[in-house]
Amino acid sequence: MPLAPPPGRLHAGLAPSVAITYGTYDLFHIGHVNLFRRIKEQWDFLVVAVSTDEFNAVKGKRSAVPFADRIELVRACRYVDLAIAEEGWEQKARDIQRYGAQAFVMGDDWQGRFDELKVLCEVVCLPRTLGVSSTGLKQHIRG
Ligand code: C2G
């Protein structure tokens, strides 16, 4: 059951504000959770697009956890209201319109990379959680 949004837009009878974000979310960790939590502190409804394994191959990435499990892990996070598949770079504009997103939000390692979307909605970069990353976890596990 999605998290009850903070009092405000809904209590004021306004449509819920929607934010959308994108990622691989491999070895789901606190950095991902913090990003989702911070987004839900500002917007009522969070849509998360999870990169498919095929799209990750295009990005030159190979995740330890397969797509089917990564999207279920994201769905299981109480801050996430809807999880969809990310199949290519070009779908963002379509998704923003389809879900009526007021904000496109990423961690600040993506600063300035999606400014072209500013014609459609707010483009927001939030500070990354320092000291944790999927790559770092993989290196740690490999020892
Ligand atoms: N993130 C974070 N703190 C960390 C690690 C990641 O806030 N310690 C954020 C990233 O900034 C990003 C999101 O978590 O917004 C997902 O990160 P990745 O899974 O590494 O996403 P990536 O593979 O870079 O895919 O179309 C955009 C791509 O799908 C982004």
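Every heavy atom of this structure was used, including side-chain atoms; hydrogens, water molecules and symmetry mates were not. Note that ligands are numbered from 1 as they come in the structure, with each ligand's atoms numbered from 1 the same way. What you see is a predicted model; the values in this text were computed from it and never measured.
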Go through Tyr25 and Phe36 one step at a time and tell me if the ring pair (Phe, Tyr, Trp, His ring centres under 6.0 Å) criterion holds.
-> CA-CA 11 Å; Tyr25 310 110; Phe36 296 161; 5.3 Å; yes
Flag the pair Glu72 and Arg75 as a salt bridge only when some basic side-chain nitrogen lies within less than 4.0 angstrom of an acidic carboxylate oxygen.
-> yes
Indicate whether the side chain of Thr52 and that of Glu87 have a donor and an acceptor atom separated by less than 3.5 Å.
-> no
Within the distance-only criterion (no hydrogens, no angle test), does the side chain of Asp81 pair as donor or acceptor with the backbone N or O of Val47 below 3.5 angstrom?
-> no
For ligand 1, what N or O to protein N or O distances fall under 3.5 Å?
from     : atom 1 : to     : atom 2 : distance (Å)
ligand 1 : 3 (N)  : Thr129 : N      : 3.1
ligand 1 : 8 (N)  : Thr129 : O      : 2.7
ligand 1 : 8 (N)  : Val132 : O      : 2.6
ligand 1 : 11 (O) : Gly107 : N      : 3.4
ligand 1 : 11 (O) : Asp109 : OD1    : 2.5
ligand 1 : 15 (O) : Gly107 : N      : 2.9
ligand 1 : 19 (O) : Thr24  : N      : 3.0
ligand 1 : 19 (O) : Tyr25  : N      : 2.8
ligand 1 : 20 (O) : Lys61  : NZ     : 3.3
ligand 1 : 21 (O) : Thr24  : N      : 3.4
ligand 1 : 23 (O) : Thr24  : OG1    : 2.6
ligand 1 : 23 (O) : Lys59  : NZ     : 3.3
ligand 1 : 23 (O) : Lys61  : NZ     : 2.5
ligand 1 : 24 (O) : Trp110 : NE1    : 3.4
ligand 1 : 25 (O) : Lys59  : NZ     : 3.1
ligand 1 : 26 (O) : Glu86  : OE2    : 2.6
ligand 1 : 26 (O) : Lys92  : NZ     : 2.7
ligand 1 : 29 (O) : Ser51  : OG     : 3.3
ligand 1 : 29 (O) : Lys59  : NZ     : 3.1
ligand 1 : 29 (O) : Glu86  : OE1    : 2.6
ligand 1 : 29 (O) : Glu86  : OE2    : 3.4

Hey, would you say the Tyr22 and Trp110 ring centroids sit under 6.0 Å apart?
-> no
Ser63 and Arg70: side-chain donor and acceptor closer than 3.5 Å?
-> yes
